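Remarks on the structure that follows.
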Amino acid sequence: MSHHDELIATDIVAYLQAQENKSFLRFLTCGSVDDGKSTLIGRLLYDSKLIYEDQLAAVENDSKKSGTTGEKPDLALLVDGLAAEREQGITIDVAYRFFSTDKRKFIVADTPGHEQYTRNMATGASTADLAIILIDARYGVQVQTKRHSYIASLLGIKHVVVAINKMDLLEFDQGVFSSIENDYRAFAENLGFEEIVCIPMSALDGDNITTRSERSTWYEGKTLMEHLETVEINRSEAASGFRLPVQWVNRPDLNFRGYSGTIAAGTVKSGDEVIVSPSGKRSSVKSIVTYNGEVEEAGEGAAITVCLNDEIDISRGDIICDKDHPAEQSDQFAAHIMWMSEKKLFPGRQYLMKINNQIIPATVTALKHKINVNNFAQEPGKTMELNEVGVCNLSLSKPVAFDPYKNNRHTGSFILIDKQTNGTIGVGMLDFSLRRAANVVWQDLEIGKSARAGLKLQKPAVLWFTGLSGSGKSTIANLVEKKLFDMGRHTYTLDGDNVRHGLNKDLGFKDADRVENIRRVSETAKLMADAGLITLVSFISPFRAERQMARAMLEEGEFIEIFVNTPLEVAEQRDVKGLYKKARAGEIKNFTGIDSEYQAPQNPEIEIDTVTMSAADAAEQIVTYLEEKGFLES
Amino acid sequence: MKDLTHLERLEAESIHIMREVAAECEKPVMLYSVGKDSSVMLHLALKAFYPSKPPFPLLHVDTTWKFREMIRFRDETAKKLGLELLVHTNQEGVEQGVNPFTYGSAAHTDIMKTQALKQALDKYGFDAAFGGARRDEEKSRAKERIFSFRSAQHRWDPKNQRPELWNIYNTKISKGESIRVFPMSNWTELDIWQYIHKEQIEIPVLYFAAKHPVVERDGTLIMVDDDRMPLNEGEVPQEKMVRFRTLGCYPLTGAVESEATTLEQIIQETLLTTTSERQGRVIDHDQSASMEKKKQEGYF
């Protein structure tokens, strides 16, 4: 690390002190493929003397093998890390780089240019304060420039540097530079950036990176490095007041109870009055505890532990706030979502949301519109695919504390997790509370569910029959209902075909419609359970996630999943309604088992093998189950 | 209030990551390799949970070829702090007599380190393991997530990494899978030294220059730490003033000649040097993509 700082050799202690007080900037680089992102970062590392001789020797060696720069060392090879990338000469994943100057330390997120890796660019942008958007001077503003600018804006970046690169190939023509600058400022006008700085440069040759170029004497602004060293970032998040999202309750023994977390905004002093969101409980700060002793005050970004003067119930997921500016709370939101997975987003399907240190079930109740990230136009859509951005309504299983993302990046952001794969499949930024939770108060009726059910001498249940078309679901359900009716029980059957004639006649058979179909039926079944009925639901319901959603809506033990297990060959051979023949002939699209997936239950309460068991025996087995589990009072 | 400095921000980020693991993972462990990075990581853990103790044990994978001083320092540190220390050695490897001399550095590292680590993680059923790796160390590390997922076979799939936005970490895994967590991903070597200096963190004395018996092999100075080291014909260990920039198995760790006996002098030398830190590690020399390959096979 051949820093040419003289202090290193002459007074190392003074040097270390100077280093300890450096400020800090995180930025990302983005732009189209081949605009020279990796070369620019290689240049910054090289010019700030952060490349060791052995690293440079390795790059010079590699440049001869796979470089694209002729005689000059290919600085991009310093940063393209993964073997696959080096072979293909592309950057597929976000890479983090580190360098420093005498004034600042920098963390750079080097993000990929290809459209299919847009999500990786969003990853880099989420922690950056500034974006460098590269433009190849020969081509000007491209679709990719717009996409990356939009995503930078969406993720809340306020400072943009437009690096108009490869100016050496155009003899540093001022006219070209001005025309690109004008184009950029025109389209970026509504993206909410506080500052846009355009710099003409050549990353390959180093013009206007750390030293002013003699080839662009007409350019009077700062070099890239000067700008990065001096740009002021206002980190005190927009007027929201103190926020401490509680991450961990610190309880070494009975005498100490502290709340650990990272301050998301504002400052806190001992004695400050606080309010806890969402519970609304109040207290004041007794002490701020750190390993190095108690401190009087702590600010944004610090990871602290606070003790309060009152014993109130606070757990992970709560936010301790300044008493005059509490965080909002809601269970219904409007949010911008960016989809990160090849599995599509379906409104109605339940996901897990991680927000402010807690994980809770969440459903996208409506996809209002999608945003074309190339021209920012609003487009309708029923589902969202990889890399798409949309505005959605979300419903959570309980209220959470939050701030709108535009006010606070930490308390306004969330991720969505797939319940089956555990993957992070979407990320989001909260816009505002829909406040339905506050306005629509659940009517507290005097006659409750158990009273209604008790009158009928039964406990409510939802018998959920799932299986392939023609597996025998409805046949068995009919027999069960008949038996229960004969026993004087109160029942109702929701049948897939019948419901599609009325309540769900606006829905087709695409995956998104199937999800909505099940959601409505689940809600209906829930109302019937509330009425005290034993409800029989006979639906193919091919997706595990929707059956899980139905289960989650009901009380513990109310949902009884009955897997009517008939192998495809057998169901197809029976073909009671002649549907399989039509599906095979291509007359019916999206037919479960043929060209649409059926996900068999993993742990159903009851499994019926229709190959070995008759429908009557199956019905008998189910009624016996209800008796044994105490659903039927005698 | 004054904005946090660079080091304060790095410290806070690491603490946030450790607390997240403690809050969400069922059975975390901290990989403790006794080097300076491990010393910093352990110090961060003490800070993260104070006044509680870190709610996880330390695990050291002992290849049986570590410097004797490392083992002493390890045991003393765990005792002094009152932390649970687990030590695991690949017994099959010991029975086969695996060593860096006759098996070569690659096979030795694979059997005594990579395989041993997998054995230990499986044996105790840890679902999350902290490691002290940094993104500035090596090119494939630069692209690795802070929460890095491993299949039940401990494999890393660099093309299928979860998006990691803001400071929200997805810790959900299926049975058998595990997470490697790198709380110091965003630190650089200089940050580590500065932090050791600022916080006065104790590190093994091998980092400081002292007289040690060494032999020179292929341009690398190897310390003769015990009598298991086979000497070539005519090879006589020389007492030289040396120190180590990294610590590992003594036959695989090159020393540098140095007069730096204080922390300030070490930092000064580090800043003035012109070769990167990992050069002293014999295992990385094979080929440029070697670390990525090792990691896919389960190397930490």
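Quick note on labels: first sequence line is chain A, next is B, and so on, each numbered from 1. Note that the coordinates shown come from a computational prediction; the quantities given were computed from them, not determined experimentally.
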* Asked: Are B:Tyr50 and A:Val289 close enough that some pair of their side-chain heavy atoms sits under 4.5 Å apart?
  -> yes
Compare every heavy atom of [Y] with every heavy atom of [X], then report the nearest pair and how far apart it is.
| X | Y | value |
| --- | --- | --- |
| A:Ala303 | B:Ile15 | CB-CG2, 3.6 Å |
| B:His16 | A:Gln247 | O-NE2, 2.7 Å |
| A:Asn250 | B:Pro51 | ND2-CD, 3.7 Å |
| B:Ala23 | A:Arg316 | CB-NH1, 3.3 Å |
| B:Asn170 | A:Asn422 | ND2-O, 2.9 Å |
| A:Val94 | B:Arg145 | CG1-NH1, 3.7 Å |

From [atom1] ([X]) to [atom2] ([Y]), nearest 0.5 Å:
| X | Y | atom1 | atom2 | result |
| --- | --- | --- | --- | --- |
| A:Thr411 | B:Trp166 | OG1 | CH2 | 12.0 Å |
| B:Thr171 | A:Ile417 | OG1 | CD1 | 7.0 Å |
| B:Arg19 | A:Asn357 | CZ | CG | 10.5 Å |
| A:Thr421 | B:Arg162 | OG1 | CZ | 7.5 Å |
| B:Arg9 | A:Glu300 | CZ | CD | 4.5 Å |
| A:Ile12 | B:Ile267 | CD1 | CD1 | 6.5 Å |

Measuring heavy-atom distances to chain B, does [X] have an atom under 4.5 Å in its side chain, in its backbone, in both, or in neither?
| X | result |
| --- | --- |
| A:Met429 | side chain |
| A:Ala298 | backbone |
| A:Ser260 | both |
| A:Leu352 | side chain |
| A:Arg104 | neither |
| A:Ile304 | backbone |
| A:Asn356 | neither |
| A:Ser341 | neither |
| A:Phe256 | side chain |

* For B:Lys47 and A:Thr290, indicate whether the former's side chain and the latter's backbone hold a donor-acceptor pair under 3.5 Å. => no
* A:Lys103, NZ atom: more than 12 neighbouring heavy atoms under 6.0 Å -> no
* Asked: Would you say A:Asp253 has more than 12 foreign heavy atoms packed within less than 6.0 Å of its CG?
  -> yes
* Asked: How far apart are the C-alpha atoms of A:Thr424 and B:Ile168, what are their side-chain angles, what is the distance that settles it, and do they pass the side-chain contact (heavy atoms from CB on, under 4.5 Å) test?
  -> CA-CA 10 Å; A:Thr424 301; B:Ile168 308 180; over 6 Å; no
* **Residue pair B:Asn186, A:Arg26: steps toward the side-chain contact (heavy atoms from CB on, under 4.5 Å) verdict** => CA-CA 11 Å; B:Asn186 288 327; A:Arg26 288 185 82 139; 3.7 Å; yes
* **Carboxylate-amine/guanidinium proximity below 4.0 Å for B:Asp191 and A:Lys105** => yes
* Any Lys/Arg nitrogen of B:Glu8 or A:Lys22 sitting under 4.0 Å from an Asp/Glu carboxylate oxygen of the other? -> no
* What residues form a ring-ring contact (aromatic ring centres under 6.0 Å, His included) with B:His6, not counting sequence neighbours? -> A:Phe24
* Are the ring centres of A:Phe98 and B:Trp187 closer than 6.0 Å? -> no
* Asked: Between B:Glu264, B:Glu20, B:Glu13, which shows the greatest number of heavy-atom pairs under 4.5 Å with chain A?
  -> B:Glu20
* **Residue among B:Glu11, B:His197, B:Lys172 with most heavy-atom pairs under 4.5 Å to chain A** => B:Lys172
Can you tell which of [options] has the highest number of heavy-atom pairs within less than 4.5 Å of chain B?
| options | value |
| --- | --- |
| A:Thr127, A:Ile415, A:Thr267 | A:Ile415 |
| A:Val249, A:Ile355, A:Asn292 | A:Asn292 |
| A:Ala125, A:Ser126, A:Ala109, A:Pro252 | A:Ser126 |

For [X], is it the side chain, the backbone, both or neither that has a heavy atom under 4.5 Å from a heavy atom of chain A?
| X | value |
| --- | --- |
| B:Thr188 | side chain |
| B:Leu46 | both |
| B:Ser185 | backbone |
| B:Glu269 | neither |

* Check against side-chain contact (heavy atoms from CB on, under 4.5 Å), A:Gln17 and B:Lys198 -> CA-CA 9 Å; A:Gln17 268 163 7; B:Lys198 177 173 171 261; over 6 Å; no
* Quick one: do B:Phe49 and A:Trp248 satisfy side-chain contact (heavy atoms from CB on, under 4.5 Å)? Show the steps, please. => CA-CA 9 Å; B:Phe49 302 103; A:Trp248 195 70; 3.6 Å; yes
